[in-house]
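Below, all heavy atoms of this structure are taken into account, side chains as well, without hydrogens, waters or symmetry copies.
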Amino acid sequence: MQKIHYSIQDNKILYRHFGDYHLAQTFQCGQAFRFDEYKDGFKGFIEKQLCYITLDSGSTNCEGCCGDDAVLTVELLHTQPTDELAVKIGQFLSLDTDYTALKKRFAQNETLAKAIEFAPGIRVLNQDFFETLITFIISQNNNIPRIKQLCDRLSENYGTKVGDTYAFPTAEQMKNITEQDYKDMKFGFRAKYLADAVAKVLDGTIDETTVKSLSYEDAQKYLMQIKGVGPKVADCVLLFSCRQWRSFPKDVWIKKAMAQLFSDGIPKEAQGYEGIAQQYIFHYARHTL
């Protein structure tokens, strides 16, 4: 892990010295569903706080990416920042992970190098566990606009209102939603899976601390106790909220990319960080294959 460099100015947290970062590549690559374009950046919730995120890329060192003098600003819209919150938001944004070193390692493979060059500013976010679990259950056999619509509907009906928007509901706020309620909100076949996930989180069958303490293989099996959660959804939860870098979610795009680009499997240069490499491959495949 690398140090998070930040300063606090009024209601803003300013981050520096983090390497390549691109907000659109990060927030629109299919890993998060409740961040929306807003003014010159993105707006969404981090650590239950509504934030407006912008990036001054400074003297760019590659097309679309930021230079060493870049400043990533997180403006808290309804609260005041603290040092503890600044660190947690930095971790959410993956500013404590040395992507410069990782990409240098990945780029030793010629094909991976092309994927990185296509979208060098992607970061794997470190998201809220429960929200990630629920949103990726919703993501099954779905497209991103529809996933966002359903997540917003759930939030508007059961989440806490903050300003002009709604936070994603907690498990406690969702405890009385019935399977029929989910169906009425147009969640379809996912209704029974969502009801089971909430119930298992509330009764302790699925526990965030336990998930994060397990090996990758055991954590995947643990999450698959939930109805409708197979390897792909489990891998998404582990990658996007538990920092299980070995986790390698496989959807139609990744399967297509692996068949065409990596027929012998994920290259050795990505070993131990397959999940991070997957994000570059996924984005590259969606836009070029």
*Give the C-alpha distance, both sets of side-chain angles, the deciding distance and a yes or no for salt bridge (Lys or Arg N to Asp or Glu O under 4.0 Å) between Asp196 and Lys200.*
CA-CA 6 Å; Asp196 190 63; Lys200 282 186 166 66; 2.9 Å; yes
Does any part of the side chain of [Y], heavy atoms only, come nearer than 4.5 Å to the side chain of [X], both counted from C-beta?
| X | Y | answer |
| --- | --- | --- |
| Ile13 | Thr73 | no |
| Ile53 | Ile46 | yes |
| Ser94 | Phe18 | no |
| Ile138 | Leu194 | yes |
| Thr165 | Lys161 | no |
| Val87 | Asp96 | no |
| Tyr284 | Leu112 | no |
| Met185 | Leu154 | yes |

Quick check for you: to the nearest 0.5 Å, what is the distance between [X] atom [atom1] and [Y] atom [atom2]?
| X | Y | atom1 | atom2 | result |
| --- | --- | --- | --- | --- |
| His17 | Leu95 | NE2 | CG | 12.0 Å |
| Leu93 | Asn126 | CG | CG | 9.5 Å |
| Thr111 | Ile281 | OG1 | CD1 | 9.0 Å |
| Cys242 | Leu214 | SG | CG | 9.5 Å |
| Leu14 | Ile8 | CG | CD1 | 10.0 Å |
| His287 | Cys29 | NE2 | SG | 10.0 Å |

Hey, is the main chain of [Y] close enough, under 3.5 Å, to the side chain of [X] for a donor-acceptor pair?
| X | Y | answer |
| --- | --- | --- |
| Arg190 | Phe187 | yes |
| Lys148 | Phe35 | yes |
| Gln260 | Ala257 | no |
| Gln127 | Gln31 | yes |
| Glu75 | Asn11 | no |
| Thr135 | Cys151 | no |
| Glu47 | Lys88 | no |
| Ser213 | Thr210 | yes |
| Ser241 | Leu238 | no |
| Gln91 | Ile89 | no |

*asked:* Could you report the tightest heavy-atom contact between Thr100 and Gly19, atom names first, then the distance?
replied: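 Heavy atoms of Thr100 and Gly19 come nearest at OG1-CA, 4.1 Å.
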Is the closest side-chain donor-acceptor distance between [X] and [Y] under 3.5 Å?
| X | Y | answer |
| --- | --- | --- |
| Tyr166 | Asp152 | no |
| Asp235 | Tyr216 | yes |
| Thr178 | Asp181 | yes |
| Thr160 | Gln173 | yes |

*Take the angle between the ring planes of His283 and Phe118 and call it parallel below 30°, perpendicular above 60°, tilted in between.*
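It falls in the tilted class, 30° to 60°.
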Are [Y] and [X] linked, directly or through intermediate hydrophobic residues, by side-chain heavy-atom contacts shorter than 4.5 Å (ILVMFWY only)?
| X | Y | answer |
| --- | --- | --- |
| Val233 | Phe282 | yes |
| Leu261 | Val252 | yes |
| Leu50 | Leu85 | no |
| Val162 | Leu76 | no |
| Ile147 | Phe45 | no |

Flag yes if more than 12 heavy atoms outside [X] fall under 6.0 Å of its [atom1] atom; otherwise flag no.
| X | atom1 | result |
| --- | --- | --- |
| Asn143 | CG | yes |
| Asp40 | CG | no |
| Phe262 | CZ | yes |
| Glu110 | CD | no |
| Lys232 | NZ | yes |

*Go through the steps for Tyr38 and Tyr52 under the test ring pair (Phe, Tyr, Trp, His ring centres under 6.0 Å), then give the verdict.*
CA-CA 8 Å; Tyr38 178 73; Tyr52 169 45; 5.1 Å; yes
*Partners of Gln28 by side-chain contact (heavy atoms from CB on, under 4.5 Å), sequence neighbours excluded?*
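By the side-chain contact (heavy atoms from CB on, under 4.5 Å) rule, Gln28 matches Ala24, Glu37, Phe42.
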*asked:* Going by the rule side-chain contact (heavy atoms from CB on, under 4.5 Å), which residues pair with Phe189 if we only count those two or more places apart in sequence or in a different chain?
replied: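 Expected list: Gln140, Asn141, Tyr193.
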*Applying side chain to side chain contact (heavy atoms under 4.5 Å, CB included), run through Glu172 and Leu202 and close with a yes or a no.*
CA-CA 7 Å; Glu172 187 65 26; Leu202 288 173; 3.9 Å; yes
_Derivation of the side chain to side chain donor-acceptor pair (under 3.5 Å) call for Tyr6 and Asp83_ = CA-CA 9 Å; Tyr6 70 90; Asp83 289 314; 2.9 Å; yes
_For Phe129 and Ile206: C-alpha separation, side-chain torsions, deciding distance, then whether side chain to side chain contact (heavy atoms under 4.5 Å, CB included) applies._
CA-CA 11 Å; Phe129 170 77; Ile206 298 297; 4.0 Å; yes
*Quick one: salt bridge (Lys or Arg N to Asp or Glu O under 4.0 Å) pairs with a partner in residues 215-228, sequence neighbours left out?*
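Pairs touching residues 215-228 that pass the test: Glu217-Arg246.
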salt_bridge([X], [Y]) N-O dist < 4.0 Å:
| X | Y | value |
| --- | --- | --- |
| Asp251 | Lys255 | no |
| Arg34 | Asp128 | no |
| Arg153 | Glu156 | no |
| Arg16 | Asp69 | no |

*Verify ring pair (Phe, Tyr, Trp, His ring centres under 6.0 Å) between Tyr15 and Tyr21, making sure each step is shown before the conclusion.*
CA-CA 11 Å; Tyr15 297 95; Tyr21 212 110; 9.5 Å; no
*Kindly indicate, with the supporting measurements, whether the criterion side chain to side chain contact (heavy atoms under 4.5 Å, CB included) is fulfilled by Glu117 and Tyr280.*
CA-CA 9 Å; Glu117 185 179 356; Tyr280 295 108; over 6 Å; no
*Using the side chain to side chain contact (heavy atoms under 4.5 Å, CB included) rule, take Ile177 and Val198 through it: C-alpha gap first, then chi angles, then the decisive distance, then the call.*
CA-CA 9 Å; Ile177 307 177; Val198 173; over 6 Å; no
